[in-house]
Student: 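Sharing a structure with you now.
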Amino acid sequence: RTLLPGSSNICERPGRRKKPPVVILAGGKGTRLAPYTSILPKPLMPIGDRAILEIVIDQLATQRFRDITLCVGYLSHLIRSVLDHRIRDGMRIRYVQEEAALGTAGPLHLVEDLDDTFIVMNGDVLTTLDYRALVRRHRESGNALTIATYKRTSSIDYGVLHLDGALRSRVRRVTGYDEKPEVVSMVSMGVYVLEPRALSYVPAGVYFDFPTLVQALLAGGEQVGSYLYDGVWFDIGRQQDYELAVEAWIGGNGNGNGNGNGNGAHGRSNGSNGNGAHGRSNGSNGNGAGHASSAVGSALRPGQKTRTL
């Protein structure tokens with residue numbers, strides 16, 4: 001483990017609980033962003049003039065989270081090099097090196113001092129989520145694990161038929177027809193708050209992901225909750241959303257112009273090419289009157305619209 005220079009003596013206000021440590025998962029290869037990630041680890045993909053990981057750490061620092069551990073693996077020397085030149089006063093940044101891929105939950109056994117509430121998040125999350133509010137609602141809920149959650153609408157680009165009769169029959173009766181329907185799903189944002197007892201469900205030294213951890217917790221009778229967020233969130237793991245995030249950051253004018261194949265960056269769009277960058281867009285070219293540009297451009301302002309399920 002490596003400790004970057006900087007004070008670790010963080011002063012907390014009397015009567016307040018210390019801000020929980022944050023574990024950032026930054027060891028993956030980011031294969032969905034190839035070929036870019038053949039030379040850069042995904043958390044170092046640029047958004048404007050900064051890497052995604054730098055933005056994330058700045059956001060955490062602004063919200064007074066000071067104890068950060070990065071789980072690194074693929075091209076980890078590049079991550080260390082970038083952060084060596086981004087020392088912040090009062091920040092304690094440590095590294096845990098994964099010698100083999102351990103998934104999204106497996107590396108937690110390598111992290112020290114997780115003896116109270118802690119945050120785990122992907123290193124490529126670009127959002128205006130208020131992490132303090134997430135932690136507060138988690139603690140109030142009594143959950144072993146709380147998952148930051150987003151309502152995402154996905155469009156199917158075909159007319160979908162509802163059929164009756166035997167599945168293997170070539171000719172079946174049509175009972176309904178939906179033209180390019182939208183499917184609403186509640187998806188994980190890649191941000192989690194955990195209690196130390198959740199670690200007892202994570203086997204040591206083997207590949208183990210968060211979906212498997214959730215199933216193990218539920219099977220063990222533990223309470224798992226969601227925290228619904230309705231602000232800006234980009235899944236940088238997808239190339240389309242990465243490009244939209246870059247456009248929103250550089251634009252910075254709050255107009256949220258989108259384009260592509262009918263999927264907004266977590267907004268709604270209508271029309272053959274209409275994509276709103278976190279807003280609504282209509283028509284064949286879909287200029288969305290969203291607010292992703294200004295929100296992502298500032299990037300350090302936490303969002304407020306949340307509720308716990």
Student: side-chain contact (heavy atoms from CB on, under 4.5 Å) for D130 and Q63? Distances and angles first, verdict last.
Tutor: CA-CA 8 Å; D130 188 335; Q63 297 184 36; 3.3 Å; yes
Student: Please round to the nearest 0.5 Å and tell me the distance separating atom CG of N122 and atom CD1 of I52.
Tutor: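 If we round to the nearest 0.5 Å, N122:CG and I52:CD1 are 11.0 Å apart.
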Student: Quick one: does V174's side chain get under 4.5 Å of H162's, heavy atoms only?
Tutor: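 Answer no - side chains too far apart.
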Student: Measure across P43 and A51 and return the closest heavy-atom pair with its distance rounded to 0.1 Å.
Tutor: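 Where P43 meets A51 most closely, the heavy atoms are O-CB, 3.9 Å.
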Student: Taking all atoms of both residues into account, what is the closest heavy-atom pair of I79 and A26, and its distance?
Tutor: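 Heavy atoms of I79 and A26 come nearest at CD1-O, 3.5 Å.
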Student: Out of curiosity, Q97 CD to E99 CD, how far, rounded to the nearest 0.5 Å?
Tutor: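 The CD atom of Q97 sits 5.5 Å away from the CD atom of E99.
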Student: To the closest 0.5 Å, what do you measure between CE (M121) and OH (Y131)?
Tutor: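 Taking CE in M121 and OH in Y131, the distance rounds to 3.5 Å.
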Student: So do the side chains of F210 and V202 get within less than 4.5 Å of each other, counting heavy atoms only?
Tutor: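 In short, these two side chains do not touch, never coming nearer than 4.5 Å.
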Student: Side-chain contact test, heavy atoms from C-beta onward, threshold under 4.5 Å: evaluate it for E140 versus H138 and give yes or no.
Tutor: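 No, their side chains stay 4.5 Å or more apart.
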Student: Less than 4.0 Å between a side-chain N and a carboxylate O, is that true for D113 and R94?
Tutor: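 Yes, R94 and D113 are salt-bridged.
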Student: What verdict does the salt bridge (Lys or Arg N to Asp or Glu O under 4.0 Å) test give for R139 and E195, after you've listed the backbone C-alpha separation in whole Å, the side-chain angles of each residue and the deciding distance to 0.1 Å?
Tutor: CA-CA 9 Å; R139 284 172 166 165; E195 293 302 311; 5.5 Å; no
Student: Look at the side-chain heavy atoms of Ile, Leu, Val, Met, Phe, Trp and Tyr, link any pair under 4.5 Å apart, and say whether V187 and L129 land in one connected group.
Tutor: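 Yes.
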Student: Find out if a path of hydrophobic residues (ILVMFWY) with successive side-chain heavy-atom gaps under 4.5 Å connects L194 to L218.
Tutor: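 They do share one cluster, since a chain of ILVMFWY contacts under 4.5 Å joins L194 to L218.
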Student: Do Y177 and L163 share a hydrophobic cluster (ILVMFWY, side-chain heavy atoms under 4.5 Å, transitive)?
Tutor: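 The answer is yes; both residues are in one hydrophobic cluster.
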Student: Could you state the interatomic distance from CG (L114) to CG (D67), rounded to the nearest 0.5 Å?
Tutor: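 Going from the CG atom of L114 to the CG atom of D67 covers 9.0 Å.
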Student: Does some side-chain heavy atom of Y227 sit less than 4.5 Å from a side-chain heavy atom of V193?
Tutor: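 SC-SC contact between V193 and Y227 ruled out.
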Student: Quick one: does L70's side chain get under 4.5 Å of L83's, heavy atoms only?
Tutor: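 They are in contact (side-chain heavy atoms under 4.5 Å apart), so the answer is yes.
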Student: The test is side-chain contact (heavy atoms from CB on, under 4.5 Å); show your working for L145 and E222 and say whether it passes.
Tutor: CA-CA 9 Å; L145 165 64; E222 294 284 358; over 6 Å; no
Student: Specify the closest pair of heavy atoms between T149 and I147, including all atoms of both residues, with the distance to one decimal.
Tutor: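 Between these two residues, the closest heavy atoms are OG1-O, 2.8 Å.
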Student: Any idea which heavy atoms bring I24 and G123 closest together, and the distance?
Tutor: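 Heavy atoms only, the tightest pair is CG2-CA, 3.5 Å.
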Student: For Q223 and S141, which heavy atoms make the closest approach, and how far apart are they?
Tutor: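 Heavy atoms only, the tightest pair is NE2-O, 2.9 Å.
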Student: Applying a strict under-4.5 Å side-chain criterion to I, L, V, M, F, W and Y, I'd like to know whether V171 and L161 cluster together.
Tutor: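 Each belongs to a different hydrophobic cluster.
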Student: Is there side-chain contact between V184 and R152, with at least one heavy-atom pair below 4.5 Å?
Tutor: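 No, every pair of side-chain atoms sits at 4.5 Å or beyond.
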Student: If we ignore angles and hydrogens, is there a donor and acceptor under 3.5 Å between the side chains of Y150 and S188?
Tutor: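 There is no such pair between these side chains.
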Student: Report the distance from atom CG of N143 to atom OH of Y192, rounding to the nearest 0.5 Å.
Tutor: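 Rounded to the nearest 0.5 Å, the CG-OH separation comes out at 14.5 Å.
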Student: Report yes if the side chains of L134 and T146 come closer than 4.5 Å at any heavy-atom pair, otherwise no.
Tutor: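 Heavy-atom side-chain distance check passes, below 4.5 Å.
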Student: May I ask you to test the I119-V23 pair for a side-chain heavy-atom distance under 4.5 Å?
Tutor: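 They are not in contact (no side-chain heavy atoms under 4.5 Å apart), so the answer is no.
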Student: Are T104 and D209 close enough that a side-chain donor and a side-chain acceptor fall under 3.5 Å?
Tutor: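 There is such a pair between these side chains.
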Student: May I ask you to check whether Y242 and F234 place their ring centers less than 6.0 Å from one another?
Tutor: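 For Y242 and F234, the ring centres are not under 6.0 Å apart.
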Student: Report yes or no: does R92 contribute a side-chain atom to a donor-acceptor pair with the main-chain N or O of I68 at less than 3.5 Å?
Tutor: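 Checked: no pair found.
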Student: So D116 and K19, salt bridge (Lys or Arg N to Asp or Glu O under 4.0 Å) or not? Walk me through it.
Tutor: CA-CA 10 Å; D116 201 349; K19 287 288 191 301; over 6 Å; no
Student: Report the C-alpha distance between M189 and Y229 in whole Å, list the side-chain angles of each, state the deciding distance to 0.1 Å, and finish with yes or no for side-chain contact (heavy atoms from CB on, under 4.5 Å).
Tutor: CA-CA 9 Å; M189 293 173 59; Y229 180 64; 3.7 Å; yes
Student: If I take atom CG from residue L25 and atom NZ from residue K42, how far apart are they, to the nearest 0.5 angstrom?
Tutor: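 Reported value, rounded in 0.5 Å steps: 10.5 Å.
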Student: Is there a side-chain contact (heavy atoms from CB on, under 4.5 Å) between C71 and E98 once you walk through the steps?
Tutor: CA-CA 7 Å; C71 297; E98 296 180 49; 3.8 Å; yes
Student: Is the backbone of D58 close enough, under 3.5 Å, to the side chain of T62 for a donor and an acceptor to pair up by distance?
Tutor: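 Present.
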Student: What's the shortest heavy-atom distance between A101 and Y207, and which atoms?
Tutor: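 Heavy-atom minimum between the residues: O-CD1, 3.5 Å.
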Student: Counting N and O atoms only, with roles assigned by atom type, does the side chain of Q59 sit under 3.5 Å from a partner on the main chain of T127, one being a donor and the other an acceptor?
Tutor: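 Side chain of Q59 to backbone of T127: a pair is present.
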